[in-house]
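Convention: sequence-line order gives letters A, B, ...; per-chain numbering from 1.
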Amino acid sequence: MKNAEVAKILLEIADLLEVKGVAWKPEAYRRAARTVEGLGEAIEDVYTKGGVKALKGISGVGESIAAKIEEYLKTGRVRELARLEKKAPKGVDELLHVPGVGPKKALVLAKKLNIAGLKGLEAAAKAGKVRLLAGFGKKSEEDILRGLEIVKKGKSRKLLGLALPLAREFAARLERLRSVEKAVPAGSVRRMKETVGDIDVLVLSRDAKKVMDFFTAMPEVQHVLARGGTRSSVVLKDGLQADVRVLEPNSFGAALQYFTGSKEHNVALRRRAIMKGFKLSEYGLFKGKKWVAGRAEEDIYRKLNLSYIPPELRENQGEIEAAVKGKLPKLVERGDIRGDLHMHSVWSDGVASIEEMARAAKQRGYEYIAMTDHSKSERIANGMDEKRLLRYLEEIERVERKVGIRILKGSEVDILPDGSLDYADSVLEKLDIVLAGVHSRFKSAEKEMTTRICAAVENRYVNVLVHPTGRIINQREGYAVDLDAVMAAAGKNKVALEIDAYPSRLDLTGENVRRAIESGCLIAIDTDSHAVEHLRSMELGVGQARRGWAEAKSVINTFPLRKLEKFLRKK
DNA sequence: GCCGTTTTCGGCCCGACTGTTTTCAGTCG
């Protein structure tokens with residue numbers, strides 16, 4: 001599927017046009033990029049089936065963009081992009097990715113300092129050259145240095161939402177080789193950590209050479225870092241590193257355990273092994289020189305008198321102690337989820353209709369969903385005023401009847417700076433479910449933000465506090481807020497805290513989920529979907545819930561509809 | 001560049017914040 005590649009090209013064109021100071025076009029390209037990325041179908045299939053005409057049928061794609069997509073699919077490049085790149089100062093589009101640097105500043109920096117890309121910018125900022133430029137000062141120089149750190153961090157750790165499908169895809173491809181018995185992703189991907197440094201795939205095979213040949217020749221590979229008899233490392237085109245290891249049957253489980261980590265969990269586990277008179281390594285569990293276990297992970301945990309510890313819990317945060325006592329939680333599973341309570345449509349900033357979203361949800365086997373488009377203050381997202389909201393609710397009822405899935409009438413309502421909500425209570429009263437979230441003034445002081453959020457949580461109509469920390473991975477820190485105070489208020493007021501399963505959000509983190517549940521809160525795992533494709537992210541959210549030791553009974557969207565409705569009616 | 005129960009041409013979000021200024025430009029969401 002080439003959607004992501006096409007979207008990337010369109011975004012690059014948008015950046016370069018923006019630097020040029022061209023009006024409107026950048027937004028048009030970005031809109032098109034977003035739809036293409038969120039398309040339920042491979043863009044190349046759309047083109048093969050219906051040609052340019054079908055491409056133009058994609059919302060946001062017209063004559064010109066359709067032609068560029070066609071050009072890319074046919075030739076693998078877009079001349080217009082090359083032309084723009086040639087004209088712009090070198091590396092200027094890269095500078096745009098630094099938070100705080102927009103098109104104007106990027107152009108000034110690139111031109112006046114004569115720097116190519118982020119490295120040059122860092123050097124110039126560190127040398128104190130940035131502050132001397134007109135329009136810049138000491139503060140903006142510091143902001144740039146801080147922004148560069150964020151960009152760098154983003155380079156080194158990739159989103160689980162990107163790495164997990166890739167790891168699975170690699171494993172699936174390897175398993176198709178005749179000599180391969182099984183191939184399994186390990187590492188932080190397996191632990192469902194929200195960001196990962198690299199992808200590890202472990203392979204059981206009689207023919208290691210064939211596996212090495214196949215793996216290093218995959219089309220995603222940019223270059224081969226190391227290639228050995230049973231182990232190879234490559235760098236993928238998107239910057240992610242991937243390792244593959246071929247193992248013996250007798251050590252496969254031990255290796256899977258070892259390479260799944262975390263490091264801290266492994267250290268604690270090895271310590272326990274020693275205590276029990278064993279030695280644990282990636283090759284197996286040994287008593288003296290004698291091999292005791294290693295074919296399967298389960299055998300190792302059993303021999304150490306532990307119940308099996310699911311990968312998501314392996315952080316040495318008390319899971320080994322709990323496993324000793326047989327007191328591990330029965331973690332929530334993807335199959336427990338009965339619905340998705342945070343979804344957008346074209347009524348605000350989504351790209352699919354309510355009906356398309358509802359059908360997709362039904363197809364996933366959900367019993368119910370909530371449609372929750374933005375409230376009026378969220379202007380950038382085409383938030384709805386009261387009048388449009390009423391029409392929206394009517395449309396939801398119509399689609400509910402037509403599609404045959406329960407659709408809760410909802411809204412993602414802005415929490416205004418004073419802690420009040422973006423709709424009056426008389427409006428909120430008409431909704432089946434009210435999500436409340438902060439979308440402005442992220443930089444408020446902690447005390448202010450805490451008061452603001454707690455006030456919203458106390459509103460009698462609020463059911464879910466969405467993306468409670470506001471962080472966006474690699475882009476934005478969460479806002480300063482006293483989460484314990486928020487959790488206490490949420491628990492008391494029967495407000496569930498959301499795990500926003502959108503790949504770049506995934507807040508709450510596992511750690512915070514655990515805190516929330518311990519302080520008596522319920523959790524909602526939602527995808528915050530803006531396109532049909534996004535519904536897939538549910539498993540990422542479930543992963544974070546599992547990392548937070550959550551059981552199904554703590555997650556409101558595992559409730560049967562009746563029970564959920566009862567919870568929503570609460571106050 | 002895209003789009004049309006707004007007009008096939010002329011709109012397209014715009015207010016808040018921040019830092020650099022001395023009344024405002026640039027960035028963000």
Side-chain angles (χ1 to χ4, degrees), chain A residues 9-36 52 55-71 78 80-81 84 95-110 130-147 150 344 346 348-349 351 374-385 387-388 391 395 412 414-418 422 437-445 448-449 452 466-467 470-472 475-479 502 504-505 528 530:
Chain A
I9 301 264
L10 297 177
L11 289 175
E12 276 169 18
I13 295 177
D15 283 351
L16 289 165
L17 289 169
E18 184 147 69
V19 173
K20 268 181 87 180
V22 177
W24 306 118
K25 291 192 190 186
E27 264 324 294
Y29 275 101
R30 290 205 178 103
R31 202 177 325 124
R34 199 154 69 126
T35 350
V36 168
V52 180
L55 292 177
K56 280 173 72 182
I58 299 168
S59 124
V61 176
E63 198 79 50
S64 167
I65 293 182
K68 291 186 178 73
I69 295 176
E70 177 181 48
E71 189 190 352
V78 178
E80 169 78 354
L81 176 59
L84 286 165
L95 304 184
L96 276 179
H97 300 137
V98 180
V101 176
K104 296 287 177 354
K105 285 186 174 176
L107 192 62
V108 173
L109 289 167
V130 170
R131 65 177 76 180
L132 303 176
L133 299 171
F136 291 82
K138 189 158 174 279
K139 205 81 183 239
S140 41
E141 192 174 73
E142 286 165 8
D143 282 349
I144 284 171
L145 282 170
R146 211 170 316 120
I150 293 177
H344 296 269
V346 288
S348 64
D349 58 350
V351 299
H374 285 287
S375 63
K376 60 184 175 188
S377 288
E378 199 60 2
R379 285 203 186 80
I380 181 178
N382 189 25
M384 295 180 283
D385 60 18
K387 210 170 133 198
R388 261 179 75 218
R391 284 200 282 132
E395 172 67 5
E412 180 178 7
D414 261 21
I415 300 174
L416 302 177
D418 66 355
D422 201 16
V438 168
H439 297 93
S440 61
R441 287 216 213 178
F442 299 111
K443 289 187 173 172
S444 305
E448 218 172 297
M449 188 58 96
R452 176 181 175 189
V466 295
H467 42 76
R471 71 99 172 251
I472 297 183
Q475 290 176 43
R476 188 174 77 200
E477 303 282 332
Y479 21 78
Y502 200 82
S504 57
R505 284 194 178 269
D528 198 352
H530 288 68

Checklist line | Among B:dG29, B:dT27, B:dC13, the nucleotide that comes nearest once only the side chain of A:P103 is considered | finding: B:dT27
Check: When the P atoms of B:dT5 and B:dC9 are considered, how many whole Å apart are they?
Finding: 15 Å
Notebook entry, point to check: Please give, in whole Å, the distance from B:dC13 C1' to A:H374 NE2?
Noted result: 14 Å
Item checked: Pairwise C1' distance for B:dT18 and B:dC12, with rounding to whole Å -> 26 Å
Next item on the list: Provide the distance between the two P atoms, one in B:dG10 and one in B:dG15, to the nearest whole Å.
Entry: 24 Å
Checklist line | Nucleotide B:dG29, atom P - distance to CZ of A:R30 in whole Å | finding: 12 Å
Checklist line | Among B:dT20, B:dC2, B:dA16, the one nearest A:R441 by side-chain distance | finding: B:dA16
Margin query: Determine whether the aromatic ring of A:W24 stacks with the base of B:dC12, defined as ring centroids separated by less than 5.5 Å and ring planes inclined by less than 30°.
Written below: yes
Check: Just how far, in rounded Å, is P of B:dG1 from CG of A:L16?
Finding: 14 Å
Check: How are the rings of A:H530 and A:H344 set relative to one another: parallel (under 30°), tilted (30 to 60°) or perpendicular (over 60°)?
Finding: parallel
Next item on the list: Answer with base, sugar-phosphate or nothing: what part of the nucleic acid does A:P26 contact at a heavy-atom distance below 4.0 Å?
Entry: nothing
Margin query: Taking 4.0 Å as the cut-off, does a side-chain nitrogen or oxygen of A:S140 come that near to OP1 or OP2 on B:dT20?
Written below: yes
Notebook entry, point to check: Could you give the distance from CD1 (A:I13) to CD (A:E18), rounded to the nearest 0.5 Å?
Noted result: 13.5 Å
Next item on the list: Return the value, rounded to whole Å, for the distance between atom CD of A:E63 and atom P of B:dT8.
Entry: 19 Å
Notebook entry, point to check: Given the C1' atoms of B:dT22 and B:dC28, what is the spacing between them in whole Å?
Noted result: 24 Å
Note to self: Closer than 4.0 angstrom, basic N to acidic O: yes or no for A:R391 and A:E395?
What the structure shows: no
Check: What distance, rounded to whole Å, do you find between the two P atoms, one in B:dA16 and one in B:dG11?
Finding: 25 Å
Next item on the list: Could you give the distance separating B:dT7 and B:dC2 at their C1' atoms, to the nearest angstrom?
Entry: 15 Å
Checklist line | Nucleotide B:dT27, atom P - distance to CG of A:L107 in whole Å | finding: 10 Å
Item checked: A:D143/A:R146 salt bridge by N-O under 4.0 Å criterion -> yes
Margin query: I want to confirm an ordering. Mapping A:E378 and A:A23 to their closest nucleotides on DNA chain B, which one lands closer to the 5' end?
Written below: A:A23
Note to self: Regarding A:E27, tell me which of base, sugar-phosphate or nothing describes its non-hydrogen contacts under 4.0 Å with the strands shown.
What the structure shows: nothing
Note to self: Assess, by modelled atom type and distance only, whether the side chains of A:D15 and A:H97 contain a donor and an acceptor separated by less than 3.5 Å.
What the structure shows: yes
Notebook entry, point to check: Within this structure, what is the CG-to-C1' distance between A:D15 and B:dC28, rounded to whole angstrom?
Noted result: 15 Å
Margin query: So A:K376, base contact, sugar-phosphate only, or nothing? Heavy-atom distance under 4.0 Å.
Written below: nothing
Item checked: Any A:I58 side-chain heavy atom under 4.5 Å of A:I65 side chain -> no
Note to self: Just to be sure I understand the rule, does A:K105 reach a base, reach only the sugar-phosphate, or reach nothing, if contact means heavy atoms closer than 4.0 Å?
What the structure shows: sugar-phosphate
Next item on the list: Ignoring the backbone of A:K443, work out which of B:dT27, B:dT18, B:dG1 is nearest its side chain.
Entry: B:dT18
Check: Going by an N to O cut-off under 4.0 Å, is there a salt bridge joining A:R30 and A:E27?
Finding: yes
Next item on the list: Select one nucleotide: of B:dC14, B:dC17, B:dC2, the one nearest the side-chain heavy atoms of A:R379.
Entry: B:dC14
Check: Tell me: NZ of A:K139 to P of B:dT20, nearest whole Å?
Finding: 8 Å
Check: Base, sugar-phosphate, or nothing for A:V61, non-hydrogen atoms under 4.0 angstrom?
Finding: sugar-phosphate
Item checked: Given DNA chain B, 5'-ward residue of the pair A:E141 and A:I65, judged by closest heavy atom -> A:I65
Note to self: Rounded to whole Å, how long is the line connecting atom CG of A:L96 with atom P of B:dG26?
What the structure shows: 14 Å
Checklist line | Watson-Crick or G-U counterpart of B:dC28, or none if no pair lies under 3.5 Å | finding: B:dG15
Margin query: Roughly how many Å apart are B:dG26 and B:dT20, using the C1' atom of each and rounding to a whole number?
Written below: 10 Å
Notebook entry, point to check: P atom, B:dG4 versus B:dC13: distance in rounded Å?
Noted result: 14 Å
